Amino acid sequence: MNIKKISPGFFVAGQISVADVGAIAAQGVKTIMCNRPDHESQGQPPSSEIAAAADGLGIAFLDVPIVAGALTEDDIKVFEAACRDTQRPILAYCRTGTRSATLWALAEARTLDVDAVLSATRGAGYDLTAMRPKLIDVGARPGAVPPPVSAGPADQHDVVIVGGGAGGLGIASSLLKRKPNLDILVVEPGDTHYYQPGFTLVGSGIFDRKVTRRPTESVMPKAVKWLHAAVAGFEPEQNVVVLEDGEKIAYRALVVAPGLKLDWEAVEGLVETLGQNGVTSNYSYKLAPYTWELVQGLKSGRAVFTQPPMPIKCAGAPQKAMYLSSDHWLRNGNLSDIDVEFRNAGGVLFGVADYVPALMKYVDKYKIDLCLNENLVAVDGPAKKAWFDRTGSDGETSRVEVEFEMMHVCPPQTAPDFIRTSPLANEAGWVDVAPDTLQHVRFGNIYSIGDACSAPNAKTAAAVRKQAPVAAENIICMLDGRTPVAEYDGYGSCPLTVERGKIVLAEFGYGGKHLPTFPQWVINSFEPSRLAWYMKEQMMPGIYWHMLLKGHEWLAEPQPKQETN
Ligand code: FAD
């Protein structure tokens with residue numbers, strides 16, 4: 001078996017056997033696709049046998065048989081739909097790999113330059129030059145990357161970026177670093193840019209909230225154009241975004257980075273009581289100082305910390321607020337009179353099991369009552385009562401009433417409404433991208449990074465710092481007519497502030513893979529670390545303002561394409 005890599009998410013091989021499937025799994029392949037009808041030649045293993053072997057190793061199997069020499073338009077559509085709905089990387093096979101490579105070329109020619117498609121297949125050993133006219137024909141379909149405009153209309157740009165938060169400004173700078181003359185428009189409605197990772201330290205009295213905000217104008221890269229407006233919709237087949245006032249802006253490449261929606265309204269009574277009656281949240285710049293006020297004032301009673309269903313941004317933030325508050329009460333001698341409860345809609349303390357033992361030591365130390373599978377649904381601030389839906393082991397849900405003195409709420413989170421209802425969304429509402437290249441799975445000239453994208457990484461600024469260079473590299477390739485070359489490994493980080501002065505630094509990629517930045521002897525990720533705290537308090541704000549937002553990719557350079565053979 002000889003696996004050829006055509007793109008980061010798509011590999012090709014000639015006929016494989018059941019015995020090959022283990023080696024394929026070891027290459028990280030998530031889906032095997034058969035492009036050959038059964039019984040085509042003698043001795044050919046039936047696709048059902050390959051499917052069973054794949055299933056045994058947790059690999060998806062797709063049967064998309066193509067009759068040799070009789071490839072139809074419908075075949076391409078079936079192939080495109082199959083690729084869209086499955087996990088990558090995909091390994092497609094037929095007798096020699098040519099049919100699979102041809103299908104890929106016809107699908108990709110929709111958005112990529114034909115020379116780029118031919119060069120990618122040639123690089124993998126499949127010379128499809130004879131197909132050039134057909135590929136050009138396919139490329140004329142809607143959604144293809146439009147050609148550059150030398151003196152185009154004012155509302156047309158090489159790259160349009162939706163959102164000027166961590167992701168939007170990070171990628172703008174990473175693009176300019178690679179091509180200083182690129183015509184980039186950032187559409188951002190806000191006058192203020194927030195360093196949200198600092199909110200946790202505001203809520204524990206360590207930062208003044210003023211250090212977490214700067215005027216948008218001061219952080220916008222000088223070489224981009226800033227459009228002070230909000231995007232309301234997308235017409236990807238025309239390569240335009242639609243603003244709230246109905247104006248349309250055209251692009252050659254689009255980056256979608258509007259963050260996520262904090263859905264305060266989803267909890268009955270919450271909006272009415274936030275910021276008073278002991279109800280607070282570090283998820284808001286306005287409210288984080290109130291958290292610290294409440295923590296300092298609480299001497300006895302019940303302190304409830306809530307966590308909604310995943311995904312949320314910075315999945316550790318609800319716990320961080322709880323540990324830092326408990327640490328304060330412990331140091332002041334009040335903890336024995338305060339019942340701390342963690343009411344978490346999820347079934348585990350933290351999504352990556354490796355970090356749970358270190359966190360459990362603090363749960364025990366602060367005598368925290370861990371209430372899993374409990375989702376906050378309503379609150380009555382003046383009565384100091386909250387209601388949770390508790391899901392039992394039998395799947396039945398019951399409503400629980402809880403009285404509190406103080407409650408720190410992490411709000412439910414969704415994709416922004418204008419994303420959820422757009423043609424860019426997946427079923428869950430997030431911008432539907434390939435997790436490795438961050439390229440949209442249906443519209444090849446659209447990329448998405450940050451909290452709004454569907455990639456299953458931890459939604460953090462740390463993830464954005466790695467995503468921005470990868471997507472920038474791939475967009476430059478695309479605009480130059482080359483295939484995407486950079487891959488994102490799912491890196492995200494969550495500095496869990498378990499006490500004032502110590503952090504359990506969780507750093508992991510796709511599938512919970514441990515991805516530490518520093519050797520274990522510098523920072524042991526599975527133990528509380530003083531150095532990690534020093535970095536969070538003293539270095540991270542600078543890394544955010546001066547490195548992420550400015551395109552300095554120290555320890556975040558895009559990974560070169562891994563050759564698979
Ligand atoms: P954002 O930075 O939120 O930016 C989105 C931008 O899009 C905003 O400027 C918004 O105005 C704009 N926008 C919205 N709608 C539109 C529209 N219609 N048109 C145009 N623009 C629009 N991360 C870490 O790495 N480490 C941490 O310790 C950490 N702790 C956190 C603690 C808290 C309490 C919170 C709230 C977050 C924390 N994060 C942390 C997460 C981190 O802040 C986010 O993951 C990161 O900011 C995501 O970047 P983004 O660009 O996707 O979204």
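Predicted, not measured: the structure shown is a model, and the values here were computed from it. Every number for a ligand or one of its atoms is a count from 1 in the order of the listing.
Checked for salt-bridge contact, Arg420 and Asp417 meet the test: a charged N lies under 4.0 Å from a carboxylate O.
In terms of polar-atom proximity, defined here as any N/O pair under 3.5 Å, Lys320 does make such a contact with ligand 1. The distance criterion of under 3.5 Å between nitrogen or oxygen atoms is not met by Thr200 with respect to ligand 1. The shortest N or O to N or O distance between Ala166 and ligand 1 is below 3.5 Å. For ligand 1, the polar-atom distance check finds an N/O of Asp451 within less than 3.5 Å of one of the ligand's N/O atoms.
Of the candidates Asp155, Asp183, Asp158, Lys225 forms a salt bridge (Lys or Arg N to Asp or Glu O under 4.0 Å) with just one, namely Asp183. Looking at Leu182, Leu176, Leu185 one by one, the single match for side-chain contact (heavy atoms from CB on, under 4.5 Å) with Val224 turns out to be Leu176. Here the options are Tyr447, Tyr491, Tyr488, the test is side-chain contact (heavy atoms from CB on, under 4.5 Å), and the partner is Gln467; only Tyr488 passes.
When every heavy atom of Leu549 is checked against every heavy atom of Gly170, the shortest pair comes out as CD2-N, 4.4 Å. Nearest heavy-atom pair across Met478 and Ala253 is CE-CB, 3.6 Å. Summarising the geometry of Ser174 relative to Arg178, their closest heavy-atom pair is O-NH1, 2.9 Å, with the distance given to 0.1 Å.
Shown in contact with Lys459 at under 4.0 Å from a heavy atom are these atoms of ligand 1, numbered in order with element: 45 (O). Listed by number with element, the atoms of ligand 1 under 4.0 Å from a non-hydrogen atom of Tyr283 are 36 (C). Atom numbering of ligand 1 starts at 1 in the shown order; those under 4.0 Å from a heavy atom of Pro495 are 28 (O). The contact set between ligand 1 and Gly450, taken as ligand atoms under 4.0 Å from a residue heavy atom, comprises 52 (O). Heavy-atom proximity to Phe418, at under 4.0 Å, picks out these atoms of ligand 1: 17 (C), 18 (N). Using a 4.0 Å cut-off to heavy atoms of Gly163, the atoms of ligand 1 that qualify are 7 (O), 12 (C), 20 (C), 21 (N). Counting the atoms of ligand 1 from 1 in the order shown, those under 4.0 Å from a heavy atom of Ala462 are 24 (C), 25 (O). Close approach of ligand 1 to Gly259 (heavy-atom distance below 4.0 Å) involves ligand atoms 5 (C), 52 (O), 53 (O).
Closest protein heavy atom to atom 24 (C) of ligand 1: Ala461 N, 3.4 Å. Shortest contact from atom 4 (O) of ligand 1 to any protein heavy atom: Gly165 CA, 3.2 Å. The protein atom (non-hydrogen) at minimum distance from atom 34 (C) of ligand 1 is Asn282 O, 3.4 Å. Looking only at protein heavy atoms, the nearest one to atom 22 (C) of ligand 1 is Pro189 CD, 3.6 Å. Distance from atom 10 (C) of ligand 1 to its nearest protein heavy atom, with residue and atom name: Glu188 OE1, 3.5 Å. For atom 18 (N) of ligand 1, the nearest non-hydrogen atom of the protein is Val231 O, 2.9 Å. What sits closest to atom 20 (C) of ligand 1 on the protein, heavy atoms only, is Val187 O, 3.3 Å. Remark: minimum distance from atom 31 (C) of ligand 1 to any protein heavy atom is reached at Cys314 CB, 3.4 Å.
For the residue pair Asp451 / Gln413, no side-chain donor-acceptor distance below 3.5 Å is found, with atom types taken as modelled. Using modelled atom types and a 3.5 Å distance limit, the side chains of Thr414 and Asp263 yield no donor-acceptor pair.
Under 4.0 angstrom from ligand 1, there are no non-hydrogen atoms of Ala463. With a heavy-atom cut-off of 4.0 Å, Met540 does not touch ligand 1 at all. At a 4.0 Å heavy-atom cut-off, ligand 1 does not touch Tyr194 at all.
Here atom 15 (N) of ligand 1 lies nearest to Pro258 when heavy atoms of Pro258, Gly167, Pro197 are compared. The option with the heavy atom closest to atom 32 (C) of ligand 1, from among Gln467, Gln196, His193, is Gln196.
Annotation: cation-pi pair Arg209/Tyr285 present, NZ/CZ under 6.0 Å from the ring centroid and within 45° of its normal.
The closest approach between a heavy atom of Lys536 and any atom of ligand 1 is below 4.0 Å. Residue contacts with ligand 1 include Ala257, since one of its heavy atoms falls under 4.0 Å from the ligand.
Sorted by first and then second residue, the salt bridge (charged side-chain N to carboxylate O under 4.0 Å, His left out) pairs with a member in residues 494-513 read Arg331-Glu499, Lys365-Glu499; sequence neighbours excluded. Residue pairs that meet the side chain to side chain donor-acceptor pair (under 3.5 Å) test with at least one member in residues 311-324, sequence neighbours left out, are Gln196-Lys313, Gln319-Tyr323.
Using a 30° and 60° split on the angle between ring planes, Phe508 and Tyr355 fall in the tilted class, from 30° to 60°. Using cut-offs of 30° and 60° on the angle between ring planes, the pair Tyr194 and Phe199 is perpendicular. Taking the six-membered ring for Trp and thresholds of 30 and 60 degrees, Phe418 and Phe234 have nearly parallel ring planes, at less than 30 degrees apart.
Annotation: side chain of Glu374 is not in contact with side chain of Phe342 (no heavy-atom distance under 4.5 Å).
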